[in-house]
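Below, chain A is the first sequence line, B the second, and so on; all start at residue 1.
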Amino acid sequence: MALYVQNSLTRQKEIFTSVKEGFVGIYVCGPTVYGHSHIGHAKSYVSFDVIVRYLRYSGYKVRYVQNITDVGHLTDNADSGEDKILKQARKERIEPMEVVELYTHSYFEDMDALNVLRPDISPRASGHIPEQIALTEKLIETGHAYVENGSVYFDVSSFDEYGKLSGRKIDELEEGVRVEVKSEKRHPADFALWKQAEEGHLMRWQSPWGEGYPGWHIECSVMATKYLGQPFDIHGGGLENIFPHHECEIAQSEAIDGSQFAKYWLHNNMVTVNGMKMGKSLGNAIDLKSAFNGTNKNLSKAYSPLVIRFFILSSHYRSPLDFSDEALQAAEKGLARLHATVKLVRDQIGKAHEEKASIGVQNTLLKYRREFVGLMDDDFNTAAAIGILFDLNKSVNTLLNSNEILSSGSLQAIDETYQTLGEDILGIIPKDIVNEAGGDLLDGLFGVLITLRTDARTKRDWATADKIRDQLSELGVILEDRPDGTIWKLVK
RNA sequence: GGCGAUGUGGCCAAGUGGUAAGGCAGAGGUCUGCAAAACCUUUAUUCGCCGGUUCGAAUCCGGCCAUCGCCUCCA
């Protein structure tokens with residue numbers, strides 16, 4: 001079965017073939033680090049995390065590059081606008097580079113919590129100024145860019161294919177352009193490769209055109225091709241970046257010699273909150289830290305990072321995703337069910353008799369694996385793949401409840417299936433599912449209480465038995481009497 | 001105005017020509033001392049609306065309605 005991906009460039013689902021056999025280079029637009037990450041970042045980076053994980057599972061050696069934008073940018077079409085990093089620096093009364101450092105750490109902290117694997121390279125825009133200047137110079141030399149007042153602009157009329165990704169026409173763009181502040185640019189759609197630093201602009205570098213700072217789009221062109229070559233396989237990002245950002249990246253990168261920039265463009269859809277667009281300026285943004293600790297006013301409680309991850313993956317990456325309390329609670333329960341079964345399997349491995357996995361179990365597992373892979377091969381359909389995980393779960397529970405005693409081999413094979421599909425690929429079933437806030441001490445303490453209750457039950461002293469169970473329940477500890485003994489769980 | 005999506009049961013969400021996955025919630029049952037959990041059964045003759053193509057459409061075509069996104073920094 002081959003992998004198919006929906007390519008924004010061709011608007012078609014295409015069979016995926018890598019530029020270099022066995023190797024995939026993927027570049028995903030990373031965050032501008034001037035604030036804490038929100039659920040929109042989570043959707044994008046969790047989605048691409050799974051894409052990368054799946055490519056690796058499929059046997060590719062993957063190099064995943066995701067930039068950190070640590071150079072503030074103005075709006076690309078006008079000379080006015082705010083530089084978010086500078087604004088934040090002023091607000092916090094710290095250096096711009098301190099802002100960048102602070103929120104870069106914050107970003108990785110949140111992504112780690114979401115079980116997003118680190119990119120192989122996280123290049124920073126500020127660390128690639130010479131390369132950005134070099135590309136700009138080359139664009140000037142080849143007649144695709146012009147200098148004006150210490151700034152350099154890309155001449156969109158010099159690149160016939162401008163608009164091929166977003167489907168926009170240059171002449172139509174002109175009409176839509178808002179108030180033009182200065183007419184430094186020859187065409188309203190021209191965009192900055194380099195901007196002259198105005199007075200008081202703290203982030204500035206020397207260039208052949210004087211002190212300034214790079215345009216927004218150029219960093220991605222430069223860093224993607226520096227580490228992945230040209231053409232490279234996959235360029236990803238949020239679909240709001242198709243225009244102008246990705247369109248401009250293509251123009252800069254392909255204008256010089258016409259060689260293709262990226263072969264496949266994958267775009268994830270956006271997030272809404274209770275059906276409304278989420279916007280930093282709209283005041284309904286859900287930043288990840290507040291979602292994790294329950295302080296967000298749009299949510300009734302805290303949701304663990306894994307629940308957020310699971311929720312994101314329960315819809316397709318190209319579909320919009322609406323965050324609501326109700327939907328998150330449903331996700332939380334669903335994931336807990338998955339985890340409960342996996343934990344049960346793992347707890348029983350040690351107790352089971354040693355024997356190889358039964359043919360029946362092996363065949364069943366194989367069937368689910370095949371179905372799962374088939375769905376992931378179809379443009380990374382995680383939502384349907386999770387459905388398979390629940391089918392597997394049902395089968396496993398049935399086995400666990402049946403009279404058939406499962407061998408250690410069978411249990412291990414089941415566990416391996418969960419690990420491959422649920423953790424290696426989707427990242428939603430950690431290797432160590434433990435009772436949260438558990439640990440040996442609590443395990444021991446509850447063990448004592450469970451023994452007392454079991455004794456009472458043998459004596460048919462239901463009053464005592466129920467008292468223990470009820471009082472623990474009030475503390476948020478649930479006891480479950482299984483055929484092979486009583487287990488405890490914490491509820492949130 | 002231009003470009004692009006989406007509309008599937010109470011909620012979330014897969015499904016691009018062959019007769020509606022999965023999760024949450026609800027109902028009944030099995031198991032249990034009673035529970036919990038799990039499992040079984042059940043809940044859309046129907047996929048925004050109206051036409052058309054087809055032996056056959058949620059899936060293709062046309063029209064309409066609604067919602068959303070992008071066109072300005074934003075994942």
Where at least one partner belongs to residues 316-325 of chain A, residue pairs that pass salt bridge (charged side-chain N to carboxylate O under 4.0 Å, His left out), sequence neighbours excluded
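Residue pairs passing salt bridge (charged side-chain N to carboxylate O under 4.0 Å, His left out), neighbours aside: Arg318(A)-Asp379(A).
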With salt bridge (charged side-chain N to carboxylate O under 4.0 Å, His left out) as the rule and sequence neighbours excluded, what pairs involving residues 385-396 of chain A come up?
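The answer is none; no pair qualifies.
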Report the distance from atom [atom1] of [X] to atom [atom2] of [N], rounded to the nearest whole Å.
X	N	atom1	atom2	answer
Ile386(A)	rC24(B)	CD1	C1'	14 Å
Gln66(A)	rA75(B)	CD	P	11 Å
Leu321(A)	rA75(B)	CG	P	17 Å
Glu240(A)	rU72(B)	CD	P	13 Å
Asn269(A)	rU67(B)	CG	P	18 Å
Met111(A)	rA75(B)	CE	P	10 Å
Asn268(A)	rC68(B)	CG	P	20 Å
Lys13(A)	rG15(B)	NZ	P	7 Å

When you look at CZ of Arg11(A), are more than 12 heavy atoms from neighbouring residues, nucleotides or ligands closer to it than 6.0 Å?
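More than 12 within 6.0 Å, yes.
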Got a sec: does the CZ of Arg482(A) have more than 12 other heavy atoms crowding it under 6.0 Å?
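Yes, CZ of Arg482(A) has more than 12 neighbouring heavy atoms, counting only those of other groups under 6.0 Å.
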Would you classify [X] as touching base, sugar-phosphate or nothing, given that sugar-phosphate means primed atoms plus P, OP1 and OP2, and contacts are heavy atoms under 4.0 Å?
X	answer
Val28(A)	nothing
Gly334(A)	sugar-phosphate
Ser37(A)	nothing

Looking at Asp455(A) and Lys459(A), is any side-chain nitrogen of the basic one under 4.0 Å from a carboxylate oxygen of the acidic one?
no
Using atom [atom1] in both nucleotides, what's the gap between [N] and [M] to the nearest angstrom?
N	M	atom1	answer
rA13(B)	rC31(B)	P	38 Å
rG56(B)	rG18(B)	P	15 Å
rU53(B)	rU16(B)	C1'	16 Å
rG15(B)	rA21(B)	P	14 Å
rG48(B)	rC55(B)	P	24 Å

[X] has a side chain; which of [options] sits nearest to it?
X	options	result
Arg168(A)	rG2(B), rA21(B), rA75(B)	rG2(B)
Ser315(A)	rC71(B), rA13(B), rA75(B)	rA13(B)
Ser319(A)	rA75(B), rA14(B), rG22(B)	rA14(B)

Who pairs with rA27(B) - Watson-Crick or G-U, where each distance is under 3.5 Å
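rU41(B) is the nucleotide pairing with rA27(B).
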Nucleotide opposite rC3(B) in a Watson-Crick or G-U pair, distances under 3.5 Å
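With both distances under 3.5 Å, rC3(B) matches rG69(B).
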Pick out which of Phe191(A), Phe261(A), Trp194(A) makes a ring pair (Phe, Tyr, Trp, His ring centres under 6.0 Å) with His217(A).
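Only one of Phe191(A), Phe261(A), Trp194(A) forms a ring pair (Phe, Tyr, Trp, His ring centres under 6.0 Å) with His217(A), namely Phe191(A).
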Under the side chain to side chain donor-acceptor pair (under 3.5 Å) test against Thr10(A), which residue among Glu14(A), Lys13(A), Gln6(A) passes?
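Considering Glu14(A), Lys13(A), Gln6(A), a side chain to side chain donor-acceptor pair (under 3.5 Å) with Thr10(A) is found only for Glu14(A).
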rA25(B) OP1/OP2 closer than 4.0 Å to side-chain N/O of Lys333(A):
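Yes, Lys333(A) has a side-chain N/O under 4.0 Å of OP1/OP2 on rA25(B).
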Protein-proximity profile, nucleotides 30-40 of chain B, B/S/- by nucleotide at the 4.0 Å heavy-atom cutoff, equals ---BBBBSSSS
